[in-house]
Amino acid sequence: MNRTVTLLLNVLCPLLALRAQSTTGTEFRLGNMENLNLAFNDQPAFAIIINANGPPNGSIEVPTTGLYVPFSVGDGTTEVFLPSAIYYSEDSEQIEDIGIRISAEAPISVQAIHYRLYFTESTSLLPTGELGTDYLVTTMLDEGGLQPSSLVIVATADNTEVEITPAALTLGLRPANTPFTITLDEGQLYQVQSTGELTGTRIRSASGQPIAVFGGA
């Protein structure tokens, strides 16, 4: 019997945050994680759901590619679908130019949805001003052990040096509990996957620029 499972992609709260975080702002960063292999699921559709109390205009961009999708929101909720493409990495530990930026002229709140036939996933986004530089990741291990636990990092600025200390051996053979460093430019995305449990992985912006981090399976 076919069944649909909705996974929540956690927007991970910065380590040691001491105050409640707002989900309303004028700029957001998104990185999608790989969903079930394309051979076992249908082609994906990607949408951004925007909530506003007024009529702001804005845009959805992939800064590294030049993709630009404008939107206009009245009072209430608007769903904007992205052009058909794959907006996630199909590899572990590869730098990809597919990070997404959502911006608006007035405050909005944003939810991202990755629609699939069998497994659809969703996340609420934190505005850029609420992002941190030091994270502990919560992921999810596939019940059947066939799909990896995953995390995704998106840079908000050029020359962002990121230190990653994985909690398990990664698919790229990075050993557990051993830090390694990558450098990302604005809009670049980096996915880390493991057949082990990545919960407890530490992600730190060594150069101090805020980063967006997502975790799941």
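The residues of the chain are indexed from 1 along the displayed sequence.
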Could you state the interatomic distance from [atom1] ([X]) to [atom2] ([Y]), rounded to the nearest 0.5 Å?
| X | Y | atom1 | atom2 | result |
| --- | --- | --- | --- | --- |
| I203 | L151 | CD1 | CG | 5.0 Å |
| E186 | N159 | CD | CG | 11.5 Å |
| I95 | I153 | CD1 | CD1 | 10.0 Å |

Side chain [X], main chain [Y], donor-acceptor under 3.5 Å:
| X | Y | value |
| --- | --- | --- |
| E96 | S89 | no |
| S59 | E61 | no |
| E197 | T199 | yes |
| E130 | P127 | no |

Listed partners of [X] passing side-chain contact (heavy atoms from CB on, under 4.5 Å), at least two apart:
| X | value |
| --- | --- |
| T165 | E163, P179, R202 |
| S194 | S149, A168, L198 |
| E90 | E34, L38, I86, Y88 |
| E27 | R29, R101, T128 |

So, [X] versus [Y]: side-chain donor-acceptor pair below 3.5 Å or not?
| X | Y | answer |
| --- | --- | --- |
| S122 | Q111 | yes |
| E93 | T170 | yes |
| S207 | T160 | no |

Residue pair [X] / [Y], side-chain heavy-atom distance below 4.5 Å:
| X | Y | result |
| --- | --- | --- |
| D91 | Q191 | no |
| P166 | F180 | yes |
| I48 | V110 | yes |

Give the C-alpha distance, both sets of side-chain angles, the deciding distance and a yes or no for side-chain contact (heavy atoms from CB on, under 4.5 Å) between V80 and V69.
-> CA-CA 9 Å; V80 182; V69 179; 4.0 Å; yes

Please, which pairs that meet ring-ring contact (aromatic ring centres under 6.0 Å, His included) have at least one residue in residues 50-81, sequence neighbours excluded?
-> F81-Y115

Taking all atoms of both residues into account, what is the closest heavy-atom pair of [X] and [Y], and its distance?
| X | Y | value |
| --- | --- | --- |
| V73 | A52 | CG1-CB, 3.7 Å |
| T133 | Q209 | CG2-O, 3.8 Å |
| M33 | E121 | O-OE2, 3.3 Å |
| F119 | N35 | O-ND2, 2.9 Å |

How far apart are the C-alpha atoms of N32 and L189, what are their side-chain angles, what is the distance that settles it, and do they pass the side-chain contact (heavy atoms from CB on, under 4.5 Å) test?
-> CA-CA 9 Å; N32 289 292; L189 173 154; 5.7 Å; no

Tell me, with the steps shown, if V62 and D97 meet side-chain contact (heavy atoms from CB on, under 4.5 Å).
-> CA-CA 8 Å; V62 180; D97 293 328; 6.0 Å; no

For residues 210-217, which side-chain N or O atoms pair as donor and acceptor with protein atoms under 3.5 Å away, sequence neighbours left out?
none

So with a 6.0 Å cut-off around CG of D158, is the heavy-atom count from everything else above 12?
-> yes

Might you work through the side-chain contact (heavy atoms from CB on, under 4.5 Å) test for T201 and V192, ending with a clear yes or no?
-> CA-CA 10 Å; T201 295; V192 179; over 6 Å; no

